[in-house]
Amino acid sequence: MATRIIYFTVNGRPEKAEFLPDCPAQDVKDLFRVAAEAGPHDILKLYNTNGSIINISPHLEPNNPHACYKLEVVAADCNRKPLGEELTVALGFDLSSMEKSTLEVTDEVRQYLKTPTFDNWQWEDTEIMVLLQVMYTDLDFISTFNIEVEVLQQFLYEVYRRYNNIPFHNFKHCFCVTQMMYGLIWLTDLRTKMESIDLLIMLTSAVCHDLDHTGYNNAYQINARTELALRYNDISPLENHHCAVAFEILEKKESNIFRNLTTEQYKRIREGMIKCILATDMTRHNEILNKFKSILSSFDFGNKDHKDVLMMIMIKVSDISNEARPMDVAEPWLDCLLQEFFNQSDMEKLEGLPVTPFMDRDKVTKPSSQTGFIRFVLFPLFIELANLFPCLEQHIIDPVRKALDYYTEMEKALDKEKQT
Ligand code: 5GP
Ligand code: MN
């Protein structure tokens, strides 16, 4: 069989790819990827001489050097695969090294871990895994639910691997949300008010709540008719996926931290985690907040429905709690979030999809993004949780108020600058 030769340019540089017409499609894609010096998650677009996009496959129409195709590297892939082994190696991490982490978990660190002022930027991924282990230990989950340490480590490792290396919805974000949940559990003394299994559901939901996030939100998934939107019929495609990936990990015996529980307990945890993770879809924000408000005056920890709503509120608060952190921790997170937002809106523009307004780099600034979000989303939510637990006022309301002042000032300064 004769080899096929395709001529093309990348950034004006002439290149060629040679392959057999019956070779695997992936091999052909890889040839182009290497030629373009593209990363494993970048999107490649190949154009013919008419400027039409053509599929990179073994069936590519052969051409000649005078009628080159044009190859473009567009942007990071919206359906990127989970961290591959190569990245794991690049990060210098493997499971056996986790136990050897040099992190010394002093009592001081253990206490600090329980507070929302915890600086989540200073930790390496290996250290984060140790800190997550500390949380499971200090909430007595290990002993209460007979969780083997190796299984917990394997679980955390699988979780780590299935967060993507994207600006915001990455493993560190998972850690931030989990650590806030952990802090809230201690601050509100929830251990005396709820069953241990509910706390296990809340913490594990936080750990899993954004698994395999691709950096493109539900609106994008639906408009771009991605695989996820198709699979879940446009109904919370991302959250359904995060949760499904969580249970994929838990289905494996070696990473199933619930493997020593009864069928009944497992069922309850599964039901609870599905509820919690699906509750992180922000389009359900008002629905869930209104439900919580309607039960607040008669809140009863003995009532399962009440507890379910509280659990959803707790994960929602943890999920969007960056601004409750000290400014020097919160602000870099906002930069990461905006970077991811802008990536999405750039992609929407490129693909001719509706552009999500709050992600548009031509419309959004740091302060404008935060003042609206704090006034209309954060405050109304946090205030209700603080209604149930007044002790939270100083921990989550005060810092958010400070952040609002800060960004309001910044917004004014920007406006002034524009006028002059
Ligand atoms: P997540 O995607 O992390 O599960 O859900 C939280 C969503 O709330 C984010 O995707 C983002 O749209 C929004 N969000 C969270 N924190 C902030 C913030 O500090 N500022 C703004 N503008 N949006 C936020
Ligand atoms: Mn999240």
Side-chain angles (χ1 to χ4, degrees), residues 78 116 120 159 162-164 166-181 202-221 228 236-243 245-246 273 276-286 288-289 312-327 329-345 348 356-361 363-382 396 399-404 406-408 410-411:
C78 57
N120 45 49
V159 164
R162 302 220 56 185
Y163 274 94
N164 296 321
I166 53 179
F168 184 87
H169 289 98
N170 50 41
F171 182 62
K172 264 201 170 55
H173 167 68
C174 142
F175 174 61
C176 294
V177 175
T178 309
Q179 191 268 327
M180 183 58 74
M181 176 68 92
M202 287 158 66
L203 197 80
T204 311
S205 297
V207 169
C208 298
H209 87 283
D210 271 331
L211 274 168
D212 197 29
H213 200 300
T214 57
Y216 296 79
N217 78 352
N218 281 332
Y220 177 89
Q221 305 289 336
L228 287 188
S236 304
L238 280 174
E239 292 71 21
N240 271 301
H241 181 59
H242 304 321
C243 196
V245 174
M273 279 181 59
C276 283
I277 295 176
L278 292 188
T280 61
D281 181 347
M282 287 302 287
T283 59
R284 294 183 55 204
H285 179 76
N286 287 330
I288 297 169
L289 182 56
M312 294 198 275
I313 290 289
M314 294 278 286
I315 194 164
K316 280 177 60 53
V317 167
S318 308
D319 194 17
I320 56 174
S321 60
N322 279 335
E323 290 299 348
R325 306 272 187 185
M327 202 62 82
V329 176
E331 198 168 346
W333 275 113
L334 175 60
D335 294 332
C336 294
L337 182 66
L338 289 181
Q339 204 183 325
E340 214 176 277
F341 280 1
F342 295 159
N343 279 345
Q344 174 171 329
S345 62
E348 288 166 337
T356 308
F358 67 86
M359 295 187 175
D360 191 340
R361 64 168 83 243
K363 296 192 178 130
V364 173
T365 63
K366 262 168 84 162
S368 72
S369 166
Q370 286 322 72
T371 48
F373 187 73
I374 294 175
R375 279 204 190 97
F376 303 116
V377 183
L378 275 191
F379 259 138
L381 174 68
F382 284 23
I396 60 170
V400 171
R401 198 171 283 133
K402 244 193 225 157
L404 180 58
Y406 173 73
Y407 285 116
T408 307
M410 198 193 274
E411 199 169 23

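For ligands, and for the atoms within them, numbers begin at 1 and follow the listed sequence. A quick note: this is a predicted structure, and the numbers were derived from the prediction, not measured. When a residue number appears, it is its place in the shown sequence, counting from 1.
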Without placing hydrogens or testing angles, list every side-chain donor-acceptor pair under 3.5 Å for residues 370-377, not counting sequence neighbours.
{"from": "Gln370", "atom 1": "NE2", "to": "Glu323", "atom 2": "OE2", "distance (Å)": "2.7"}
{"from": "Thr371", "atom 1": "OG1", "to": "Pro367", "atom 2": "O", "distance (Å)": "3.1"}
{"from": "Thr371", "atom 1": "OG1", "to": "Glu411", "atom 2": "OE1", "distance (Å)": "3.3"}

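For ligand 1, the protein residues placed under 4.0 Å by at least one non-hydrogen atom are His169, His173, His209, Asp210, Met282, Asp319, Ile320, Leu337, Phe341, Ser369, Gln370, Phe373.
When atom types are taken as modelled, the side chain of Asn240 and the backbone of Pro237 share no donor-acceptor pair closer than 3.5 angstrom. With Ser369 contributing its side chain and Thr365 its backbone, the two residues share no donor-acceptor pair below 3.5 Å. Under a 3.5 Å cut-off, the side chain of Asp210 and the backbone N or O of His213 do not form any donor-acceptor pair. No donor-acceptor distance shorter than 3.5 angstrom exists from the side chain of Gln179 to the backbone of Pro116, with no hydrogens or angles considered. Between the side chain of Ser368 and the backbone N or O of Val364, no donor-acceptor pair lies under 3.5 Å.
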Pair Cys208, His242 - check side chain to side chain contact (heavy atoms under 4.5 Å, CB included), show working. CA-CA 7 Å; Cys208 298; His242 304 321; over 6 Å; no
Take His173 and His209 through the ring-ring contact (aromatic ring centres under 6.0 Å, His included) test and state the conclusion after the steps. CA-CA 10 Å; His173 167 68; His209 87 283; 5.1 Å; yes
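Neighbours of the Mn ion (ligand 2) restricted to protein N, O or S atoms under 2.8 Å: the count is 4.
The side-chain hydrogen bond (donor to acceptor under 3.5 Å, both in side chains) search around Asp360 returns Lys349, not counting sequence neighbours.
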